[in-house]
Amino acid sequence: MKLSVTHLAGYALALSLCGCFAAREARVESDYSYAGQFRRYRTYEFVTGQGLTADTSRLGEAVRDAIRTRLKVQGYRPARRNPDLLVNFRLFEGDMRFRGYMQQDFTKWVNNGYAEDDETPKEARQGYEPVRMLLTEGTLLITLIDSKTNRAVWNGYASGVSIPQGNQAEIILRRSVRSIFDQYHVFTEGYLQGGSGEAVER
């Protein structure tokens, strides 16, 4: 699929408007693992479970559909066998204490093409500086897991997500998903030029 400059400009504007709209309703942040191989991820599958992540949950399907839509826009493909990423999400009600991390900008980290592994010397490793936060009025947490290592490589979360009754609940969840993925601007390499390949930050 080829995207023209006009399409890309329109997409960037849409992301900006979505972020501004949702920012009035929720606090949206993310953190990541220095071991994440973000340049090689191309496919994904959902982790299934109970509650919101269950296939029978209407709200769970709304979240899953919003995630599928966003990942498709960024060039990722669903894969039932041997996916690169596993996608998990949870909705926490009420206030929640959460540990995030003070890190350099995710865009810069992905652009430098560096990733830590078991062979990275201790003195060359990045340190994690934990930050304790109070997330209020409900939190939607989306986690991307490297399927080969079974380690979480990226967390995106929106707090202040209060779910009302009726169809408005799906609308709020979809907006929250879009706002969360505004923090993860990784396209698969070659996708914007009509091909496929590794993931790169744009």
Side-chain angles (χ1 to χ4, degrees), residues 15-16 18-20 22-42 44-47 49 52-53 63 66-67 70-71 74 76 83-162 173 175-188 198-202:
L15 289 182
S16 175
C18 285
C20 292
R24 296 196 297 268
E25 302 174 349
R27 172 183 179 180
V28 182
E29 298 190 46
S30 65
D31 55 63
Y32 60 93
S33 168
Y34 297 122
Q37 302 287 329
F38 297 102
R39 290 183 175 273
R40 71 169 180 82
Y41 301 138
R42 296 184 290 275
Y44 71 93
E45 176 61 295
F46 287 95
V47 174
L52 188 64
T53 58
V63 174
I67 293 173
R70 187 54 179 266
L71 288 177
Q74 294 178 218
Y76 292 85
D84 297 324
L85 291 170
L86 299 174
V87 182
N88 192 38
F89 57 90
R90 285 189 66 185
L91 182 65
F92 299 88
E93 297 181 3
D95 295 352
M96 165 186 176
R97 295 195 179 278
F98 190 82
R99 186 176 70 176
Y101 297 95
M102 185 75 72
Q103 298 175 297
Q104 69 169 289
D105 182 75
F106 181 57
T107 299
K108 293 180 180 178
W109 175 258
V110 175
N111 278 342
N112 72 23
Y114 181 73
E116 295 179 358
D117 56 29
D118 293 338
E119 297 181 0
T120 302
K122 185 176 181 179
E123 62 274 11
R125 293 177 181 269
Q126 301 290 319
Y128 290 96
E129 184 179 345
V131 178
R132 295 188 178 277
M133 297 177 287
L134 177 63
L135 305 181
T136 60
E137 301 176 12
T139 298
L140 176 62
L141 171 67
I142 299 176
T143 302
L144 303 182
I145 302 165
D146 186 311
S147 64
K148 289 187 177 180
T149 64
N150 203 32
R151 295 176 181 172
V153 293
W154 186 84
N155 283 315
Y157 37 96
S159 63
V161 181
S162 181
L173 285 171
R175 286 176 182 166
S176 298
V177 169
R178 289 197 297 267
S179 297
I180 288 170
F181 272 94
D182 281 350
Q183 306 284 313
Y184 187 82
H185 288 168
V186 183
F187 289 77
T188 57
E198 345 176 274
V200 293
E201 183 71 19
R202 299 292 183 184

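We count residues from 1, following the sequence as given.
Checking side-chain atoms of Q103 against main-chain N and O of Y32 turns up a donor-acceptor pair under 3.5 Å. A donor-acceptor distance shorter than 3.5 angstrom exists from the side chain of Q74 to the backbone of V186, with no hydrogens or angles considered. When atom types are taken as modelled, the side chain of R178 and the backbone of I67 share no donor-acceptor pair closer than 3.5 angstrom.
Closest of all the heavy-atom pairs between E116 and A124 is OE2-O, 4.2 Å. When every heavy atom of S176 is checked against every heavy atom of V161, the shortest pair comes out as OG-CG2, 3.6 Å. S33 and A152 get closest at one heavy-atom pair: CB-O, 3.6 Å. Pairing each heavy atom of A115 with each of G36, the nearest pair is CB-O, 3.5 Å. For the pair R27 and L135, the tightest heavy-atom approach, listed with the atom from each and the gap, is NH1-CD2, 4.3 Å. Pairing each heavy atom of V28 with each of A158, the nearest pair is CG2-CB, 3.9 Å.
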Side-chain donor-acceptor pairs under 3.5 Å in residues 139-148, sequence neighbours left out?
{"from": "T143", "atom 1": "OG1", "to": "N155", "atom 2": "OD1", "distance (Å)": "2.7"}
{"from": "D146", "atom 1": "OD1", "to": "R40", "atom 2": "NH2", "distance (Å)": "3.3"}
{"from": "D146", "atom 1": "OD1", "to": "K148", "atom 2": "N", "distance (Å)": "2.9"}
{"from": "D146", "atom 1": "OD1", "to": "T149", "atom 2": "N", "distance (Å)": "3.3"}
{"from": "D146", "atom 1": "OD2", "to": "R40", "atom 2": "NH2", "distance (Å)": "2.9"}
{"from": "D146", "atom 1": "OD2", "to": "Y41", "atom 2": "OH", "distance (Å)": "2.7"}
{"from": "S147", "atom 1": "OG", "to": "P83", "atom 2": "O", "distance (Å)": "2.4"}
{"from": "S147", "atom 1": "OG", "to": "D84", "atom 2": "O", "distance (Å)": "3.3"}

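Contacts classified as salt bridge (charged side-chain N to carboxylate O under 4.0 Å, His left out) and involving residues 152-162 (residues at least two apart or in different chains) are not found. For the side-chain hydrogen bond (donor to acceptor under 3.5 Å, both in side chains) condition, no pair includes a residue of residues 121-130, sequence neighbours left out.
Note: W109 and Y114 have perpendicular aromatic rings, judged against thresholds of 30 and 60 degrees for the angle between ring planes. Below 30°, between 30° and 60°, or above 60°: for F46 and F89 the angle between ring planes is above 60°, a perpendicular geometry.
Going from atom CZ of R97 over to atom OG1 of T136 covers 11.5 Å, rounded to the nearest 0.5 Å. Here OH of Y184 is found 11.5 Å from OG1 of T107. Values are rounded to the nearest 0.5 Å. Note: E45 CD to L85 CG = 11.5 Å, rounded to the nearest 0.5 Å.
Residues passing the side-chain hydrogen bond (donor to acceptor under 3.5 Å, both in side chains) test with N112, sequence neighbours excluded: none. Checked against side-chain hydrogen bond (donor to acceptor under 3.5 Å, both in side chains), Q37 has no partners two or more places apart in sequence or in another chain. Considering only residues two or more places apart in sequence or on other chains, E93 meets the salt bridge (charged side-chain N to carboxylate O under 4.0 Å, His left out) condition with none of them.
Between F106 and Q104, every side-chain heavy-atom pair lies at or beyond the 4.5 Å cut-off. Side-chain contact between M133 and Y157 is present, with heavy atoms from C-beta onward closer than 4.5 Å.
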